[in-house]
Amino acid sequence: MSDYSMRSYRGSVRPFVNFNPKHDAEIVHKAMKGIGTDEDAILMLLTARSNEQRQQIKAAYKKAYGKDLVSALKSELGGLFESLIVALMTPSVSYDAYQLHKALKGAGTDDEVLIEILASRSGEQIKEITKVYKKEFGGKLEKDICSDTSGSYQKLLVILLQGSREEGVDEEKIEKDAKDLYAAGEGKLGTDEEKFITILGNRSAEHLRRVFDAYKKLAGSDIEDSITGETTGNLENLLVAVVKCVKSVPEYFAEGLYKSMRRAGTDDDTLMRIMVSRSEVDMLDIRANFKKKYGASLYSTIQEDTTGDYQKALLYLCGGND
């Protein structure tokens, strides 16, 4: 990475500078050899390497010891800590594809996961995820989503799955989009869901931010308020997630992390998914948003809500206390 891209890099986990996959594979091997496992050595090493570097460690390990590193780790570790380490060892696109597959297969659908991933990933990422999904699970993501969902909610998911938002801002359309959204919701009895889906699913984020400003002037309220007032259930949740991600992806994830912890029990699936998938993307911005919004640091919140090696690894991924 050039100086410039390092400066603009917003992940908490960055590529390790003097990286030697063979040496790392050896450290991990030693940590698992003999009686008892040195969990500390494993978590300190793996959280200090980028995902790409972890893939190279996996390859070096197989070459040196003739077995799969992930299987070896699974046989040594357990519980939440094991799940977190396995997640870290999974290439990020495969991790998203796996999360979607898990959300769709079996009884009931985990709509929270579908919504989070499809609302927050870029068009490029979604196209990659779709490819990997087909390769790894043999089915089409769109087909699997369609057989598990219905109505306007399904339509918007399918639009997001195309990963083809328009580019740039269309000055001509800002006022019109705002008026159309107003007319489709607040302005009439019943809601014209199609309009919401088409505009929120296809326009660029920059364009939509301008539309939301125009909408506020027009309606006197935020677009989220009218979505919450006009729609319900999964469609409402998806539309709100899209709006939040358009406004600020890091803020959307800061909120997701807060909700995953500040309740009776910790929602570890969500906590883990966000910490793993954002550690090399925008964790620094998520932390800043978290602190600003909730007055506590993400680091101390994780500390209060988790324990053991699992906690230690999450804190390394968090990367520091604000």
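Nothing here was measured: the structure is a model prediction, and the numbers come from that model.
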Looking at [X] and [Y], what are the two nearest heavy atoms and their distance?
{"X": "Leu43", "Y": "Asp309", "answer": "CD2-O, 3.7 Å"}
{"X": "Ile159", "Y": "Gly201", "answer": "CG2-O, 3.6 Å"}
{"X": "Ser260", "Y": "Leu271", "answer": "OG-CB, 3.7 Å"}
{"X": "Ser12", "Y": "Gly319", "answer": "CB-CA, 4.2 Å"}
{"X": "Asp282", "Y": "Pro250", "answer": "OD2-CG, 4.0 Å"}
{"X": "Ala241", "Y": "Ala119", "answer": "CB-CB, 3.8 Å"}

Measure the [atom1]-[atom2] distance between [X] and [Y] for me, rounded to the nearest 0.5 Å.
{"X": "Asp144", "Y": "Lys105", "atom1": "CG", "atom2": "NZ", "result": "11.5 Å"}
{"X": "Asp213", "Y": "Leu208", "atom1": "CG", "atom2": "CG", "result": "11.0 Å"}
{"X": "Tyr98", "Y": "Arg273", "atom1": "OH", "atom2": "CZ", "result": "11.5 Å"}
{"X": "Ser297", "Y": "Asn321", "atom1": "OG", "atom2": "CG", "result": "3.5 Å"}
{"X": "Phe196", "Y": "Asp192", "atom1": "CZ", "atom2": "CG", "result": "8.5 Å"}
{"X": "Ser120", "Y": "Gln125", "atom1": "OG", "atom2": "CD", "result": "7.5 Å"}

Around atom [atom1] of [X], are there more than 12 heavy atoms from other residues, nucleotides or ligands closer than 6.0 Å?
{"X": "Glu52", "atom1": "CD", "value": "no"}
{"X": "Met44", "atom1": "CE", "value": "no"}
{"X": "Tyr316", "atom1": "OH", "value": "no"}

Salt-bridge present ([X], [Y]; N to O < 4.0 Å):
{"X": "Glu224", "Y": "Lys247", "value": "yes"}
{"X": "Asp180", "Y": "Lys176", "value": "yes"}
{"X": "Lys293", "Y": "Glu251", "value": "yes"}
{"X": "Lys259", "Y": "Asp267", "value": "no"}
{"X": "Arg210", "Y": "Glu171", "value": "yes"}
{"X": "Lys102", "Y": "Asp110", "value": "no"}
{"X": "Arg14", "Y": "Glu280", "value": "no"}
{"X": "Asp322", "Y": "Arg287", "value": "yes"}
{"X": "Asp285", "Y": "Arg10", "value": "yes"}

What I want to check is whether the side chains of [X] and [Y] have a donor and an acceptor closer together than 3.5 Å.
{"X": "Asp177", "Y": "Tyr215", "result": "no"}
{"X": "Gln99", "Y": "Tyr95", "result": "yes"}
{"X": "Ser92", "Y": "Asn51", "result": "no"}
{"X": "Thr231", "Y": "Glu193", "result": "no"}
{"X": "Ser204", "Y": "Glu206", "result": "yes"}
{"X": "Asp268", "Y": "Tyr310", "result": "yes"}

Shared ILVMFWY cluster between [X] and [Y], side chains joined below 4.5 angstrom?
{"X": "Tyr258", "Y": "Val276", "value": "yes"}
{"X": "Ile117", "Y": "Val281", "value": "no"}
{"X": "Val242", "Y": "Val240", "value": "yes"}

For the pair [X] (side chain) and [Y] (backbone), establish whether a donor and an acceptor sit closer than 3.5 Å, ignoring hydrogens and angles.
{"X": "Lys67", "Y": "Lys62", "result": "no"}
{"X": "Asp225", "Y": "Ser221", "result": "no"}
{"X": "Gln53", "Y": "Phe19", "result": "no"}
{"X": "Thr90", "Y": "Val86", "result": "yes"}
{"X": "Arg203", "Y": "Glu166", "result": "no"}

If we check side-chain contact (heavy atoms from CB on, under 4.5 Å) with [X], which of these qualifies: [options]?
{"X": "Leu317", "options": "Leu46, Ile274, Leu84", "value": "Leu84"}
{"X": "Leu238", "options": "Leu160, Ile197, Val243", "value": "Leu160"}
{"X": "Glu112", "options": "Asn237, Asn234, Thr270", "value": "Thr270"}

Side-chain heavy atoms of [X] within contact of [Y], under 4.5 Å:
{"X": "Arg54", "Y": "Ser50", "value": "no"}
{"X": "Met275", "Y": "Leu298", "value": "yes"}
{"X": "Arg278", "Y": "Val249", "value": "yes"}

So Tyr299 and Leu315, side chain to side chain contact (heavy atoms under 4.5 Å, CB included) or not? Walk me through it. CA-CA 6 Å; Tyr299 193 93; Leu315 292 175; 3.7 Å; yes
For residues 69-79, which residue pairs pass the side-chain hydrogen bond (donor to acceptor under 3.5 Å, both in side chains) check, not counting sequence neighbours? Thr37-Glu76, Asp68-Ser71
Show, in sequence, the C-alpha distance, side-chain angles and deciding distance for Lys134 and Leu141, and conclude whether the side chain to side chain contact (heavy atoms under 4.5 Å, CB included) test is met. CA-CA 7 Å; Lys134 192 167 184 357; Leu141 180 53; over 6 Å; no
Please verify the inter-ring angle class for His29 with Tyr65; under 30° counts as parallel, over 60° as perpendicular, anything in between as tilted. parallel
Taking it one step at a time, do Lys312 and Phe81 satisfy side chain to side chain contact (heavy atoms under 4.5 Å, CB included)? CA-CA 9 Å; Lys312 265 189 214 165; Phe81 180 56; over 6 Å; no
Derivation of the side chain to side chain contact (heavy atoms under 4.5 Å, CB included) call for Leu200 and Phe212: CA-CA 10 Å; Leu200 293 179; Phe212 297 161; 3.6 Å; yes
